[in-house]
Amino acid sequence: MNLQMEMEHHRQVLIVRFIGELDHHTADHVRMKLDDAIHSRQTDHIVLSLKDLQFMDSSGIGVILGRYKLIKSKGGKMAVCDATKPVFRLLEMSGLFKIMPIYESESDALSSLEVVS
C-alpha cells in the first residue's frame, strides 16, 4: 500500500493527514514534503492526524521526531491526533508521548495549540 498525505494550513498550523502506510519506503518522500511545507509557509505548529494511517514502522517515528525537533527549534509545538490502535501502540512504546501530546480529534489538537477557528 502507498501513502497519501493531505496538508492544510490553518492559521500558522500545518495539519497533516496521513492515509496508508508510513514506512521505510515512504519516509524520505514524507520528510521532504513536510520540510518544504514548514519552510515555505509561516508554520509555527504541526498537527498530525493519524486516523487513516494503517501502518507505521520506526522510519515513521524518525520522520515525526525530526519534524518535532525542527518545529521546536522554531519555538513551535507539535501534536498527534486520531491514532489507530496499532499506530498508537507503536508511538506509546517509542516514548513519543513523553514529549508530544496526543488528542482524540483534530479540533482538540487545534484547541490545545490555541488556534480554534
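Fair warning: this is a prediction, and the values are worked out from it, not measured in the lab.
In this structure, D44 does not pair ionically with K77, as no charged nitrogen and carboxylate oxygen lie closer than 4.0 Å. A salt bridge does not link E106 with K51: every distance from a Lys NZ or Arg NE/NH1/NH2 to an Asp or Glu carboxylate oxygen is 4.0 Å or more. For R31 and D28, the salt-bridge test passes: some basic side-chain N is under 4.0 Å from an acidic carboxylate O.
Hydrophobic clustering of Ile, Leu, Val, Met, Phe, Trp and Tyr side chains at less than 4.5 Å, counting indirect connections, keeps Y103 apart from L48. F88 and F55 end up in different hydrophobic clusters when Ile, Leu, Val, Met, Phe, Trp and Tyr side chains are linked at under 4.5 Å.
Note: I38 CD1 to I71 CD1 = 5.0 Å, rounded to the nearest 0.5 Å. The line from CE of M5 to CG of L34 is 4.5 Å long, rounded to the nearest 0.5 Å. The CE atom of M78 sits 4.5 Å away from the CD1 atom of I46 when rounded to the nearest 0.5 Å. One distance of note links CD of Q4 with CD of E21; it measures 12.0 Å at 0.5 Å rounding.
For K74, the NZ atom counts as densely surrounded, since its 6.0 Å shell holds more than 12 non-hydrogen atoms of other residues, nucleotides or ligands. Within 6.0 Å of the CD atom in E8, the count of heavy atoms belonging to other residues, nucleotides or ligands exceeds 12.
Of all heavy-atom pairs spanning S105 and D82, the tightest one is CA-OD1, 3.5 Å. The minimum heavy-atom distance between L50 and A83, with the atom names listed, is CB-CA, 3.9 Å. For the pair L3 and G20, the tightest heavy-atom approach, listed with the atom from each and the gap, is CD1-C, 4.1 Å. The two residues S94 and I61 make their nearest non-hydrogen contact at CB-CD1, 3.6 Å. When all heavy atoms of V47 and L113 are compared, the closest pair comes out as CG2-CD1, 3.6 Å. Closest non-hydrogen pair, M100 versus I64, comes out as CE-CG2, 3.8 Å.
The shortest side-chain heavy-atom distance between L65 and I99 falls under the 4.5 Å cut-off.
Here the side chain of D57 pairs a donor or acceptor atom with the backbone of H24 at under 3.5 angstrom. Between the side chain of S49 and the backbone N or O of I15 there is no donor-acceptor pair closer than 3.5 Å. Remark: the backbone N or O of Q54 is not paired with any side-chain donor or acceptor of T84 at under 3.5 angstrom. Between the side chain of R89 and the backbone N or O of K85, no donor-acceptor pair lies under 3.5 Å.
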- Item | Steps toward side chain to side chain contact (heavy atoms under 4.5 Å, CB included) verdict (I19, E6) | CA-CA 8 Å; I19 303 162; E6 296 174 357; 3.7 Å; yes
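With respect to T43, the side-chain contact (heavy atoms from CB on, under 4.5 Å) criterion is satisfied by exactly one of R11, H9, Q12: H9.
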